[in-house]
Number of protein chains: 2
Amino acid sequence: MKKYEQILQALEKQILDKAIAEGELIPSENTLAMRFKTSRATVRQALKILETQGLIQKQQGRGSVVIAREKVNFPISGLTSYHELQDMLKLDSLTDVVVFEELLIDEKLAALTLFPLGETTFHILRRRRVDGAYVILDEDYILKSVAPNLTREHAATSIYAYLEQTLQLTIAYAQKEITIDFAQPTDYDLLDLNTDDRHVVSVKSHVYLTDNTPFEYTHSRHQVDKFRFTEFARRTKY
Amino acid sequence: MKKYEQILQALEKQILDKAIAEGELIPSENTLAMRFKTSRATVRQALKILETQGLIQKQQGRGSVVIAREKVNFPISGLTSYHELQDMLKLDSLTDVVVFEELLIDEKLAALTLFPLGETTFHILRRRRVDGAYVILDEDYILKSVAPNLTREHAATSIYAYLEQTLQLTIAYAQKEITIDFAQPTDYDLLDLNTDDRHVVSVKSHVYLTDNTPFEYTHSRHQVDKFRFTEFARRTKY
DNA sequence: CAGTGGTCTAGACCACCAA
DNA sequence: TGGTGGTCTAGACCACTGA
């Protein structure tokens, strides 16, 4: 394992286990460099990640302080997949695969997904039951050339686990958008909406690989009163 | 100016001006290091920021590619204030200061704002008119000890400009939460809600200084069909 | 295989904070 | 004033990509 990852994980563990309490200073960069027998640059690489994650706040002339934040967070943020989220929160949840098919990418689909015209895409519709109620509808388009052997079983468990662990694909970034849309007939059919709900929360994402290929387009629709999005944001330029 | 900032700004400009087109490679790290008469580490510091901003995608063995993305983005993200946003998008917009008062921080307020019990806070209620309709209601609590001389005039223009430029405060980070809430009587009074809207989008933030003092709590409420949140997210650990 | 970005070293000087 | 983090240098070797 890389040295900065060792340092990162050691500190992460100490912070999450509360071995270093909120508000306390972590050891100085020089101390850490000596302790891990490395240079300050390598220590700083690890600390930068902790800062980005919102686990520490650096203060010039003073040190790096562990900051608050329950690590609960219901992130649509950071590209966490539904399955990972479910693991993390130990939700009582279940996924139905409603549609699993292949489609030819026509002009309309190309405009929506940003996939190349003429190729083939998987089209997957899943609904998610949490605590006994169907509250999320997930529609995914995944470019077939990227994952030719994708099956309905992968869709029922975790597509991301298959892509990253089995296929060793590196997912790089996504552009996401959250809006409030009118509920459609499909939403009323497949979700347990309250009778007088007119809206659903709509989360759309274009997801890209490191070579900048758009390979996934997701559109998920959430019952309004079950939706929560949290984010840790920094003001400065890192 | 710091060297990495020079490199950052030079590249940022070239990308935003489309001097380097989307999909093209920027010069290699070694080339940039020579061109700016600096070391590779300094160049990499600048490139890291461009990567975080979603302007480039690095590829080991190949180079750094300029990636798409209109820089429009309607961010609640990244701590951009309403006033900055307005500038950026050249919105026809207007701010009413409905309430500007000071309050003693009792237990209830302390729990909400995370401010110290017994101190004083400003309480500011503003509504925002965009394109002729009142669509956003902003409720702010700002700790008086941090900005003792804050006035109604600052609230009418930009509180953040006052805090950062005049008071030279450094705003470090924020924890934000987006949910869909039932519209309250105040919302119906002050916003131009559609008659059958039952909901508003609720965005709450606790904002902190570099010394980890919580100094602002904001709760904004948006008309559902005017709300849009976009985000650029990376999957990896930077 | 040449060139790219990823990791790492062992220094240096500076700005800032707290005691 | 001593210790902290912020910036920077001038190297090195490695992993990976594309021709």
Side-chain angles (χ1 to χ4, degrees), chain A residues 1-11 20 23-52 55-67 168-170 172-173 209-213 234-238, chain B residues 1-11 20 23-52 55-67 168-170 172-173 209-213 234-238:
Chain A
M1 188 185 317
K2 290 153 205 160
K3 214 156 217 180
Y4 80 90
E5 287 179 342
Q6 293 175 26
I7 303 171
L8 171 63
Q9 286 180 20
L11 290 171
I20 310 175
E24 276 180 18
L25 292 167
I26 66 173
S28 78
E29 295 180 353
N30 279 315
T31 307
L32 288 168
M34 284 188 300
R35 194 174 297 172
F36 285 92
K37 296 192 203 321
T38 183
S39 67
R40 235 185 98 206
T42 302
V43 170
R44 284 176 62 76
Q45 198 176 351
L47 296 194
K48 167 89 73 179
I49 295 169
L50 291 174
E51 192 183 16
T52 305
L55 289 176
I56 62 170
Q57 173 64 37
K58 291 184 164 204
Q59 288 172 250
Q60 192 172 10
R62 177 144 186 263
S64 296
V65 180
V66 173
I67 57 184
Q168 296 280 323
L169 290 178
T170 307
Y173 59 93
L209 301 175
T210 44
D211 65 359
N212 302 304
T213 318
R234 288 200 169 271
R235 181 150 181 90
T236 56
K237 303 198 156 186
Y238 300 90
Chain B
M1 193 187 315
K2 288 153 206 160
K3 214 155 216 177
Y4 80 90
E5 286 179 341
Q6 292 175 27
I7 303 171
L8 171 63
Q9 285 180 20
L11 290 171
I20 310 175
E24 276 180 17
L25 293 167
I26 66 172
S28 77
E29 295 181 353
N30 279 315
T31 308
L32 288 169
M34 285 187 299
R35 194 172 299 171
F36 286 92
K37 298 191 201 325
T38 183
S39 68
R40 236 186 99 206
T42 302
V43 170
R44 284 176 61 76
Q45 198 177 351
L47 296 193
K48 165 89 72 177
I49 295 169
L50 292 174
E51 192 183 17
T52 305
L55 289 175
I56 63 170
Q57 173 63 39
K58 292 184 162 203
Q59 287 172 252
Q60 191 172 11
R62 178 141 185 264
S64 297
V65 180
V66 173
I67 57 185
Q168 296 281 325
L169 291 177
T170 309
Y173 60 92
L209 301 175
T210 43
D211 65 358
N212 302 304
T213 318
R234 289 201 168 269
R235 182 153 180 87
T236 57
K237 303 197 160 189
Y238 297 90

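In what follows, every chain begins at residue 1, and chains take the letters A, B, ... in the order their sequences are listed.
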### Message
Looking at A/Y4, I'd like to know whether one of its side-chain N or O atoms comes within less than 4.0 Å of OP1 or OP2 on C/dT7.
### Response
yes

### Query
Is there a side-chain polar atom (N or O) of A/K3 under 4.0 Å from OP1 or OP2 of C/dT9?
yes

### Message
Can you give me the closest heavy-atom contact between B/I56 and B/R234, atom names plus distance?
### Response
O-NH2, 3.0 Å

### Task
Return the value, rounded to whole Å, for the distance between atom CG of B/N30 and atom P of C/dG6.
12 Å

### Task
Please state how far atom CD in A/Q45 lies from atom P in D/dT7, giving the value in whole angstrom units.
16 Å

### Message
Test of understanding: with side-chain contact (heavy atoms from CB on, under 4.5 Å), list the residues that count as partners of A/Q60, not counting sequence neighbours.
### Response
none

#### Entry: Trace of the side chain to side chain contact (heavy atoms under 4.5 Å, CB included) decision for A/E29 with A/M34
CA-CA 9 Å; A/E29 295 180 353; A/M34 284 188 300; over 6 Å; no

### B/L47 CG to D/dC8 P, straight-line distance once rounded to whole Å
14 Å

#### Entry: Nucleotide D/dG3, atom P - distance to CG of A/L32 in whole Å
16 Å

### Summary
Exactly one candidate in B/L55, B/I49, B/L32 meets side chain to side chain contact (heavy atoms under 4.5 Å, CB included) with B/L11; the answer is B/L32

### Message
Quick one: does any side-chain atom of A/T42 pair with a main-chain N or O of A/T38 as donor and acceptor, under 3.5 Å?
### Response
no

### Task
Check the distance between C/dC17's C1' and A/L25's CG and give it to me in whole angstrom.
12 Å

### Summary
Once base and sugar-phosphate atoms are separated, protein heavy atoms under 4.0 Å mark nucleotides 10-19 of chain D, 5' to 3', with B, S and - as B-B--BBBS-

### Query
Where the side chain of A/T31 is concerned, which of D/dT7, C/dT9, D/dT4 is the nearest nucleotide?
D/dT4

### Query
Among all residues two or more places apart in sequence or in another chain, which pass the side-chain contact (heavy atoms from CB on, under 4.5 Å) test with B/S28?
B/N30, B/T31

### Task
Quick one: pull up CG in B/L8 and CE in B/M1 and give me the separation to the nearest 0.5 Å.
9.5 Å

### Query
To the nearest Å, how far apart are B/Q57 CD and C/dT4 C1'?
14 Å

### Message
On the nucleotide C/dG6, are OP1 or OP2 found under 4.0 Å from the side-chain N or O atoms that B/K58 carries?
### Response
yes

### Summary
When rounded to whole Å, the CZ to P distance for the pair B/F36 and D/dT7 reads 17 Å

### Query
Can you tell me if the side-chain N/O atoms of A/T42 get under 4.0 Å from OP1 or OP2 in C/dT9?
yes

### Task
Quickly work out the B/I56 CD1 to C/dG5 C1' distance and round it to whole Å.
11 Å

